[in-house]
Amino acid sequence: MAHFLFLHGSWHGAWCWHKVLPRIQAAGHAATAIDLPGRGRAPAAAYAVSLARMVRAAEAALAPQGKTTVVVHSRNGIVASSLAERAPDRIARTIYLASFMLPDGKRVLDYLPNNRSSLLTGRVDVNRFALWDWLRPEAYRDALYADCSEDDIALARALLVREPLRPALTRLKLTDARYGRVPRAYIRLTQDHAGSVPLQDRVLNETSVDRVESIEASHSAYFSQPDALAATILKLARS
């Protein structure tokens with residue numbers, strides 16, 4: 001039995017994995033999703049949430065014995081990468097789902113100005129005093145949930161929250177000796193209008209992985225294609 005830890009992306013929480021977790025568990029594995037600090041059941045003022053604090057929260061959710069496969073979505077690829085640097089011996093593999101898999105010394109902010117094909121561009125409000133950002137609700141459907149059901153979109157509208165901004169401003173500190181020895185795989189979402197296909201291909205060109213799979217889905221494949229996503233995750237975890 002393998003253990004999986006699922007990390008959500010911007011504005012979301014553990015709830016976004018509610019279709020995927022039971023499918024992983026039905027295959028005989030342990031699966032956990034957590035709210036990163038500042039979201040859901042882990043409330044915190046946005047200005048107090050650093051990348052290091054999010055990494056510590058993720059580390060606390062790793063299996064107490066054995067290794068964990070970490071699955072991460074979107075912007076919080078930076079959390080999974082930093083977690084691999086911090087605890088490489090506790091991670092079996094990191095699986096990035098249309099995610100910011102960035103090299104050492106880079107930060108999320110470095111990639112946003114050139115992500116012109118993303119429908120997030122010009123639709124995210126930033127509060128530089130309280131240090132949060134927020135996707136305008138009129139962008140939800142087109143940017144995040146283009147192929148999702150009305151029920152899924154309604155759930156998201158009820159639960160999305162402001163995203164702490166400090167982690168996106170933080171440059172990663174990754175080493176070959178630690179981060180570099182954790183196997184990495186990537187799942188491309190070919191109809192993604194948020195973490196756009198050009199952005200996904202850019203990060204793949206900058207950081208090596210040993211496996212790449214693609215799913216024809218929007219940014220929120222955990223809603224629209226949970227069967228295909230769970231099967232792909234399990235396939236990559238076995239490789």
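Residue numbers start at 1 and run along the sequence shown.
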[atom1] of [X] to [atom2] of [Y]: how many Å apart, nearest 0.5 Å?
{"X": "Lys106", "Y": "Leu174", "atom1": "NZ", "atom2": "CG", "answer": "12.5 Å"}
{"X": "His3", "Y": "Arg90", "atom1": "NE2", "atom2": "CZ", "answer": "10.0 Å"}
{"X": "Leu189", "Y": "Leu97", "atom1": "CG", "atom2": "CG", "answer": "5.0 Å"}
{"X": "His8", "Y": "Trp17", "atom1": "NE2", "atom2": "CH2", "answer": "10.0 Å"}

* Step-by-step side-chain contact (heavy atoms from CB on, under 4.5 Å) determination, Met101 to Leu204 -> CA-CA 8 Å; Met101 181 179 65; Leu204 279 166; 4.0 Å; yes
* Asked: Would a hydrophobic clustering, with Ile, Leu, Val, Met, Phe, Trp and Tyr connected at side-chain separations under 4.5 Å, put Val161 with Val79?
  -> no
* Answer yes if Val197 and Leu229 sit in the same cluster of Ile, Leu, Val, Met, Phe, Trp and Tyr residues linked by side chain heavy atoms under 4.5 Å apart, and no otherwise. => no
* Before accepting this row, confirm whether a basic side-chain N of the pair Glu150/Arg157 lies closer than 4.0 Å to the acidic partner's carboxylate O. => no
* **Ser196: side chain to side chain donor-acceptor pair (under 3.5 Å) partners, not counting sequence neighbours** => Asn115, Ser117
Donor-acceptor under 3.5 Å ([X] side chain, [Y] main chain):
{"X": "Tyr179", "Y": "Lys173", "result": "no"}
{"X": "Thr94", "Y": "Val70", "result": "no"}
{"X": "Arg202", "Y": "Pro198", "result": "no"}
{"X": "Arg107", "Y": "Arg171", "result": "no"}
{"X": "Asp133", "Y": "Val124", "result": "no"}

* To do: Tell me, with the steps shown, if Arg93 and Asp210 meet side-chain contact (heavy atoms from CB on, under 4.5 Å).
  => CA-CA 10 Å; Arg93 173 177 291 275; Asp210 57 27; 2.7 Å; yes
